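Since we're looking at a predicted model, the values are computed, not measured.
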Amino acid sequence: MKEEHFLVSTSPHIRSAEDIPKIMYAVIIALIPVAIASIYFFRLWAIKLMAVCIITAMGTEDIFQRLRKKDITVFDGSAIITGLLLAFILPPSLPLWAASLGTFFAIALGKQIFGGLGYNIFNPALLGRAFLMATFPVLMTTWTKPFSLDVVTSATPLAQMKFAQSFVSHQSLFLGNVSGSLGETSALAILIGASFLLIRKIIDWRIPAGYLGTVVLLSSIFWFIDPKGFADPLWHLLAGGLILGAFFMAPDMVTTPVTKRGRWVFGIGCGLILIVIRSWSGLPEGVMYSILLMNAITPLINRFTHPRIFGEQK
Amino acid sequence: MRIRSFRGGVHPPEEKITSQKPIQELPLPKKVVIPLSQHTGVPARPTVKVGDRVKTGQRIGEAQGPISSNIHTSISGKITSIENHPHPLGPPSLAITIESDGRDEHHPSVKHNNDYFKLHPNEIREIVRGAGIVGLGGAAFPTHVKLSPPEDRWIDTVILNGCECEPYLTCDHRLMIEKTYEIIEGLKIIAKTLEVTSCYVGIEKNKEDAIKAMREEIRNKANMEIVSLKTKYPQGSEKQLIEAILNRKVPSGGLPLDVGVVVQNVGTALAISEAVKKGRPLIERVITVTGRGIKNPANLRVRMGTLFKDMIDYCGGFAGKPGKIIMGGALMGFAQHTLDVPVIKGTTGILLLTEDEVNIEEPQPCIKCARCVDSCPIYLLPLYLGIYGEKELWRKCEELGALDCTECGCCAYICPARIPLVQLIKLAKQEIAAYRKKK
Amino acid sequence: MKIMSDTVKMIAVLTIVGLISGGFLTFVYEQTISKAERKSLESLRKAIFVVLPEAVDYQELKLADQILYQGIDKSGQKVGLAFLVEGSGFQGKIEIMVGVDQDLSRLQNIQVLESVETPGLGGKITDQEFQDQFKGIAARPKITYVRNRNPVTPKKPGEIDAITGATISSKAVADMINKEIVRVWEALQ
Amino acid sequence: MRQYILFKDALKGLWKENPVFRQLLGMCPTLAVTNAAIFGLSMGLATFFVLLCSSIIISIFRRVFPHQVRIASFVVIIATFVTVVDLFLKGNFPEISKALGPYVPLIVVNCLILGRQEVFASKNPLHRAVADALGMGIGFTLALIALASIRELLGSGTIFGVQILTLVGEGGRFRPWIIMLLPAGAFLTLGTMIGISNFFTGRAAKKSACH
């Protein structure tokens with residue numbers, strides 16, 4: 001028998017089928033229902049905004065990787081996710097140049113500066129939005145009514161609650177027939193995509209559970225104490241970007257703790273910050289800041305939630 | 001009843017393609033190469049010289065020191081050389097080559113003992129030691145050492161390990177079906193030697209027929225239990241097995257002894273029974289030749305020292321272009337660069353992967369998905385061991401418990417970024433050992 | 001002996017440096033401080049005349065814990081009160097000179113003297129456009145603000161438009177003026 | 001030869017050892033007050049003045065200060081000139097003084113100034129100390145103006161108050177980037193500029209290595 005050339009490497013000799021592009025594309029698939037809902041509600045605005053954000057995200061990634069003489073990984077899906085998620089948390093009528101600028105910053109400042117995929121501290125899409133929020137606050141708080149292509153400014157449900165003490169119906173909130181960021185209005189569409197991610201075990205259920213659970217618990221307590229001053233828990237759950245944030249932003253792997261206990265801490269922390277911001281701060285919405293703040297302390301959480309090694313003595 | 005298991009682990013595809021294939025006897029090989037180091041511990045010292053005629057079962061290597069094992073010839077014939085030969089676990093090492101005379105004459109020391117049940121534990125230990133029996137699950141730790149716990153240790157339980165959690169491998173599975181009686185006999189001998197009262201056999205749920213056969217065999221035996229375990233890798237790892245069956249945790253850096261348990265592989269139990277009853281030293285074992293790279297996968301009973309190529313020829317040769325030859329399982333086995341390596345006591349199987357099953361993927365940056373953390377049965381943080389390992393921060397690795405790693409490979413299997421975590425951790429363990437020694 | 005002289009030298013040098021520096025600063029201070037004080041007084045005066053457009057002179061009225069500036073026109077008539085309002089905005093202290101009618105019913109004008117609000121957002125409270133909104137509006141029952149006013153709806157009495165994107169700063173201005181007017185009114189009773 | 005050294009002393013502060021972009025000294029005023037070019041200029045000049053005056057005094061009397069109390073003496077001298085600048089601004093430019101706020105008094109602890117005294121003025125003769133202070137002071141001022149101009153341009157569309165980009169509300173198409181006027185904008189701009197400066201010096205270093 002002829003001697004063949006055999007490959008020699010260390011164990012294990014088989015690998016699971018799941019790799020990074022597969023995970024990324026699963027997230028993109030999960031975002032499709034949200035994209036469809038956003039096109040349904042905001043028509044051409046949605047298509048344009050998503051296209052601009054995705055193209056800018058990929059372009060920026062490409063430029064930075066060329067400048068840093070790294071492998072070009074534009075098609076691993078992570079840039080597409082950042083672009084798409086950022087589009088979903090922008091007001092539908094945001095001028096396209098502003099969206100493009102925000103996406104550039106999201107990728108450049110939120111991701112590439114830290115060393116690219118896997119090294120960033122903050123969720124890039126949220127960082128992009130935070131940048132736009134600080135740069136063009138007026139544009140970022142100009143909302144459009146669903147189904148209209150004209151810019152008819154209308155306050156978001158959360159702003160209406162905060163500044164005018166009026167509430168939108170639960171049903172509108174669930175279906176998404178309210179003004180708000182492109183992809184955050186329809187809880188239904190987000191839940192469809194999120195359940196796909198949870199079934200495929202792409203995201204850890206602990207973060208959304210901790211996040212939403214804390215929000216429900218705290219808002220129930222406040223609502224019970226003062227039903228007039230605070231919204232009911234279901235309303236809190238459905239209004240604003242909470243559901244989108246809890247399923248697509250907070251569980252972002254790169255920027256969240258690695259241990260199960262840590263992820264509980266992360267989710268609960270997000271919930272606490274959100275309720276504090278929504279109830280007592282000058283801002284109507286707090287999803288973005290709650291997640292960014294918890295991102296910032298993720299290394300700390302990791303440090304304090306090291307698991308006890310099997311059989312380790314106390 | 002709840003299915004018992006442990007925390008962590010992975011679910012690789014089972015691929016037990018040979019599970020329904022009865023064990024076949026491999027024809028007597030023309031030549032065997034018997035390495036003097038087939039076990040954990042010090043290599044044996046050769047007791048024969050080139051040109052000697054030997055008979056099957058004759059001792060040709062003598063154990064050196066407490067943790068070592070005797071070596072016996074597996075065929076009868078003439079010794080043609082004692083020199084370095086490729087070894088499946090590492091660099092070439094000293095091995096005895098024997099040309100067969102085709103007669104398979106047994107050495108006079110191999111004889112039945114009809115009064116075996118009257119033996120004193122120490123006599124049994126002596127037989128096991130003399131027969132050169134080591135753990136057949138892969139680690140090849142000398143069995144007589146395990147059967148001789150220190151005086152101050154209280155052992156109350158024996159667990160037979162029939163999990164065979166590695167994908168592809170089916171040799172233990174077949175043994176449990178075909179040699180049920182002998183295995184239980186072996187278990188009784190072990191229990192008697194250790195003077196323990198409770199015995200368990202842990203078998204993964206995917207081997208229903210084996211569980212049934214074993215349950216049948218132990219009917220009316222009060223102190224034995226067959227435990228059906230969740231099919232999950234690494235269910236057959238000692239620490240995880242003990243956790244699953246007894247809910248006891250072996251302390252970090254400790255042994256099963258520390259929680260009063262001795263774990264033996266089912267194959268080892270069979271070998272003990274053979275040695276005690278029939279006086280047969282450990283000269284043959286059952287291995288699984290499997291994978292998509294082989295024409296006719298099979299479970300084979302082979303003599304120690306049989307070369308891989310003989311077995312592959314017997315199984316019809318390669319199917320397609322072979323990519324990787326692995327001794328052992330897909331997750332913990334050792335890749336071979338040549339087919340000129342012999343079967344040793346710890347060989348559980350030969351796995352042939354085709355070229356297209358073997359694709360080396362460039363490691364990508366860690367995205368901190370923490371799948372490795374969730375799958376680690378020892379609760380380490382493999383991703384940080386990898387990160388610090390790459391930066392050669394060995395002391396950080398030590399702080400994170402690198403030495404506790406059992407190298408089960410769950411983390412590297414599951415890693416979507418294809419980071420060679422096991423390799424990095426192995427390296428870290430070596431470096432830590434090196435600087436500890438220096439101190 | 002050596003150590004002794006070192007210590008003496010250290011003390012001597014430090015003392016001399018301190019003395020020279022102190023003396024020099026006293027001189028500079030004398031030269032500039034009157035100028036600085038004059039300037040800040042001047043800006044206060046200017047502000048009073050801005051918020052009380054009809055006044056040509058003013059008198060200081062000292063109430064319990066605040067100073068009111070009584071505006072007087074050419075004919076010696078009392079034409080309104082001016083006072084400083086302080087409060088915290090979105091980022092820090094805001095100081096406003098407020099001019100009101102003698103009976104505290106109507107705002108004459110306001111001038112923001114100090115603010116560290118976000119430039120381009122809350123910072124717009126120093127814009128003339130924002131401040132002009134307060135000209136002549138009813139001060140009682142209170143000044144209110146609206147966000148995103150529909151341009152068609154007319155303003156109610158005492159209503160101002162909040163700055164888009166800076167509701168907090170606008171609210172802070174309205175609130176602190178409301179509070180101070182109440183305080184002054186109570187003090188005058 | 002002597003002139004050449006003086007030249008080098010003065011020039012190094014402009015680019016090669018620019019206090020802001022290369023040495024990252026004096027970050028506190030750099031980041032805090034540069035949201036308009038005029039503030040950058042004022043802060044730069046104020047620092048320049050303090051640096052120059054204290055360098056002169058310290059260089060002249062450099063042999064007088066006992067080693068153990070030199071830092072204390074330097075601080076007193078620096079604080080004197082800082083107070084002079086502060087009073088001067090309060091008296092003559094109250095608007096600027098208000099805008100710069102506590103950052104003028106804080107020049108006392110600006111590591112640029114104490115640093116130059118410690119490493120240079122207290123060890124070199126007067127003419128070299130003056131050259132160094134000139135270079136560093138001008139370098140610092142230019143850096144602050146550059147930073148402040150970028151921030152003012154993007155943040156309000158003006159430089160030194162002169163409208164460059166026409167705003168949306170006034171018939172143009174430019175929308176001010178408010179973040180540039182906020183502290184975050186200072187970090188962004190400074191980071192970008194240091195990055196660019198590193199990029200160029202890195203390339204220059206590579207080039208000279210090739211030759």
Contact part of [X] toward chain D, heavy-atom cut-off under 4.5 Å: side chain, backbone, both or neither?
X      : result
A:F105 : side chain
A:L101 : side chain
A:I113 : neither

Just checking [X]: does its [atom1] atom have more than 12 heavy atoms from other residues, nucleotides or ligands closer to it than 6.0 angstrom?
X      : atom1 : value
D:F187 : CZ    : no
D:F93  : CZ    : no
D:F74  : CZ    : yes

Determine which donor-acceptor pairs between chain A and chain D fall under 3.5 Å and list them with their distances.
residue, atom, partner, partner atom, Å
A:A134, O, D:I179, N, 3.1
A:T135, O, D:I178, N, 2.8

Query - Proximal component of D:L188, with respect to chain A [non-hydrogen, under 4.5 Å] - result: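 Looking at D:L188, just its side chain touches chain A.
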